[in-house]
Protein chains: 2
Amino acid sequence: MNSIKNILRNSSLRPTKQRIMIGKLLFNDTNKHVTAESLYRELKASEQKISLATVYNTLHDFCEKKLLKKVNVDAEKVYFDTNTNPHHHFYSDSEKLLIDISKDKIKIHGLPKAPKGKKIKDVELIAHLSDS
Amino acid sequence: MNSIKNILRNSSLRPTKQRIMIGKLLFNDTNKHVTAESLYRELKASEQKISLATVYNTLHDFCEKKLLKKVNVDAEKVYFDTNTNPHHHFYSDSEKLLIDISKDKIKIHGLPKAPKGKKIKDVELIAHLSDS
DNA sequence: CAACAGATTAGAATTATTCTAAACTGAGAT
DNA sequence: ATCTCAGTTTAGAATAATTCTAATCTGTTG
């Protein structure tokens with residue numbers, strides 16, 4: 001509860017009511033995957049008043065401060081992952097569900113070096129699932 | 001020219017004027033990455049008359065028939081890749097540019113097995129680039 | 001507690017994509 | 001060749017996710 005405030009302060013984000021509400025929902029659980037919409041619905045259910053624009057603003061702020069990680073798997077929506085450690089994902093296209101795969105399990109060999117003037121910022125691996 | 005018709009017929013797609021136009025743009029080059037919009041602009045420039053809806057329809061038809069591969073890297077748009085062999089990508093977020101990485105170069109070890117009732121359909125690796 | 005930069009808000013705007021319903025066109029049968 | 005019809009194309013409307021706008025509000029610093 002107080003720790004959310006500290007998280008925000010440590011990231012130089014003003015601990016406003018709505019950021020704290022969102023922070024509670026996100027950081028008291030581990031490895032949560034949300035979309036702006038899903039979070040907005042969750043907040044509404046909890047009787048809180050918050051606008052969708054604020055949810056978007058906050059998610060983006062949290063991403064910039066590395067409190068969240070953006071995951072693009074599906075063209076339809078952006079997911080935000082509270083697990084900011086380097087890691088990968090399973091994704092079930094049918095259920096629109098993300099599952100973390102811890103990175104230390106996975107070794108990638110043979111990645112070519114980045115084109116001149118560029119460097120590899122992040123490697124994202126998504127294993128798409130289908131019903132077997 | 002004729003080969004495009006054959007490609008279409010082999011995929012049981014009626015070789016209509018617009019599918020042939022699109023096929024020419026896509027399959028006479030190798031490893032092209034397009035979005036619906038970029039292709040639409042390209043078609044307009046070539047004095048052809050085609051609607052954006054048809055571009056979308058055709059790209060989706062081609063995907064279903066495995067003539068194209070959908071790539072989701074960026075929440076903003078879907079890319080379509082004429083390279084349908086298993087392969088991976090570099091992606092420059094700033095330039096919105098995709099570069100193929102041939103799959104046989106890359107070895108991935110330690111991928112956990114899919115959750116019960118699921119199997120891994122496809123593994124997609126995207127190395128995000130930034131300026132170095 | 002005043003003041004102001006930063007945050008929130010409702011609603012409009014934008015962007016990518018899909019849908020709709022009417023008009024058109026390949027291809028097989030005649 | 002022509003007819004027929006399922007499969008296509010089309011313009012424009014509709015939808016969905018996200019961003020923008022401009023007015024209002026609120027933490028924080030002095």
Side-chain angles (χ1 to χ4, degrees), chain A residues 2 4-25 33-44 46 48-65 67-68 70-80 93 96 98, chain B residues 1-2 4-25 33-44 48-65 67-68 70-80 93 96 98:
Chain A
N2 208 314
I4 302 288
K5 270 197 185 171
N6 290 332
I7 291 173
L8 293 173
R9 273 196 236 278
N10 290 338
S11 299
S12 37
L13 289 170
R14 224 148 66 174
T16 63
K17 262 202 299 287
Q18 22 291 296
R19 282 180 180 159
I20 291 167
M21 282 157 51
I22 293 179
K24 277 184 189 169
L25 284 181
H33 299 104
V34 301
T35 63
E37 267 298 320
S38 77
L39 194 53
Y40 182 55
R41 281 198 304 275
E42 213 179 332
L43 287 158
K44 271 182 142 173
S46 70
Q48 307 281 11
K49 186 158 80 273
I50 194 166
S51 83
L52 184 55
T54 300
V55 174
Y56 274 103
N57 290 340
T58 303
L59 288 173
H60 289 148
D61 293 343
F62 284 9
C63 268
E64 258 166 39
K65 303 299 184 174
L67 299 175
L68 289 177
K70 215 190 243 200
V71 188
N72 291 307
V73 247
D74 194 311
E76 291 161 47
K77 46 181 70 129
V78 174
Y79 293 80
F80 294 89
D93 296 73
K96 312 270 177 202
L98 271 178
Chain B
M1 31 190 64
N2 209 314
I4 302 287
K5 271 196 184 172
N6 290 332
I7 291 173
L8 293 172
R9 273 195 237 279
N10 290 338
S11 299
S12 34
L13 289 170
R14 224 151 65 176
T16 64
K17 261 202 300 290
Q18 22 291 296
R19 282 179 179 158
I20 292 166
M21 282 157 50
I22 293 178
K24 276 185 189 168
L25 284 182
H33 300 104
V34 301
T35 63
E37 268 297 320
S38 76
L39 193 53
Y40 182 55
R41 282 198 304 274
E42 213 179 334
L43 287 159
K44 271 183 143 173
Q48 308 281 11
K49 187 159 76 277
I50 194 166
S51 83
L52 183 56
T54 301
V55 174
Y56 274 103
N57 290 341
T58 302
L59 288 173
H60 290 148
D61 294 342
F62 284 9
C63 269
E64 259 166 39
K65 303 301 184 177
L67 299 175
L68 288 177
K70 217 190 244 200
V71 187
N72 291 308
V73 246
D74 195 312
E76 292 159 45
K77 46 181 70 130
V78 174
Y79 293 80
F80 295 89
D93 296 74
K96 311 269 177 204
L98 271 178

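Quick note on labels: first sequence line is chain A, next is B, and so on, each numbered from 1.
- Across the protein-nucleic acid pair, Tyr40(B) atom OH and dT17(C) atom C1' stand 14 Å apart, rounded to whole Å.
- Atom C1' of nucleotide dA16(C) and atom NZ of Lys77(A) are separated by 15 Å, given to the nearest angstrom.
- A side chain to side chain contact (heavy atoms under 4.5 Å, CB included) with Leu13(B) holds for exactly one of Ile7(B), Thr58(B), Leu8(B); it is Leu8(B).
- His33(A) is not listed as a side-chain neighbour of Phe80(A), based on a closest heavy-atom distance of 4.5 Å or more.
- Following rounding to the nearest Å, Lys17(A) (NZ) and dT9(C) (C1') show an atom-to-atom distance of 13 Å.
- For the pair Arg19(B) CZ and dG26(C) C1', the computed distance is 11 Å after rounding to whole Å.
- For the pair Ser51(B) and Arg14(B), nearest-nucleotide mapping onto DNA chain D gives the more 5' position to Arg14(B).
- dG6(C) atom P lies 12 Å from atom CG of Asp61(A), rounded to whole Å.
- The interatomic distance linking Asn72(A) (CG) with dA16(C) (C1') rounds to 14 Å, in whole Å.
- Nucleotide dA27(C) holds its P atom 7 Å from the NZ atom of Lys5(B), rounded to whole Å.
- The side chain of Thr58(A) lies closest to dT8(C), out of dG26(C), dT8(C), dG12(D).
- Applying the 4.0 Å criterion to OP1 and OP2 of dT17(C), one finds that Tyr56(B) has a side-chain N or O inside that range.
- Side-chain N/O atoms of His60(B) include none lying less than 4.0 angstrom from OP1 or OP2 on dT17(C).
- Taking side-chain N and O atoms only, Arg9(B) has a distance below 4.0 Å to OP1 or OP2 of dA27(C).
- Contact annotation for Glu76(A): backbone-only contact, meaning every heavy-atom pair under 4.0 Å involves sugar-phosphate atoms and none involves a base.
- Where Thr54(B) and Ala75(B) each meet DNA chain D at their nearest nucleotide, the meeting point lying more 5' is that of Thr54(B).
- If you check every strand for non-hydrogen atoms under 4.0 Å, Ile50(B) touches sugar and phosphate atoms only.
- Summarising the local packing, NZ of Lys96(A) is surrounded by more than 12 heavy atoms from other residues, nucleotides or ligands at distances under 6.0 Å.
- Looking at heavy atoms from C-beta onward, Ile22(B) lies in side-chain contact with Ile50(B) at the 4.5 angstrom threshold.
- Asn57(B) has its CG atom 14 Å from the C1' atom of dC24(C), to the nearest Å.
- For the pair Gln18(B) and dT10(D), the criterion of a side-chain N or O lying under 4.0 Å from OP1 or OP2 is met.
- At the phosphate of dG7(D), neither OP1 nor OP2 sits under 4.0 Å from any side-chain N or O atom of Thr16(B).
- Residues Arg19(A) and Asp61(A) have side chains in contact (heavy-atom distance under 4.5 Å, counting atoms from C-beta outward).
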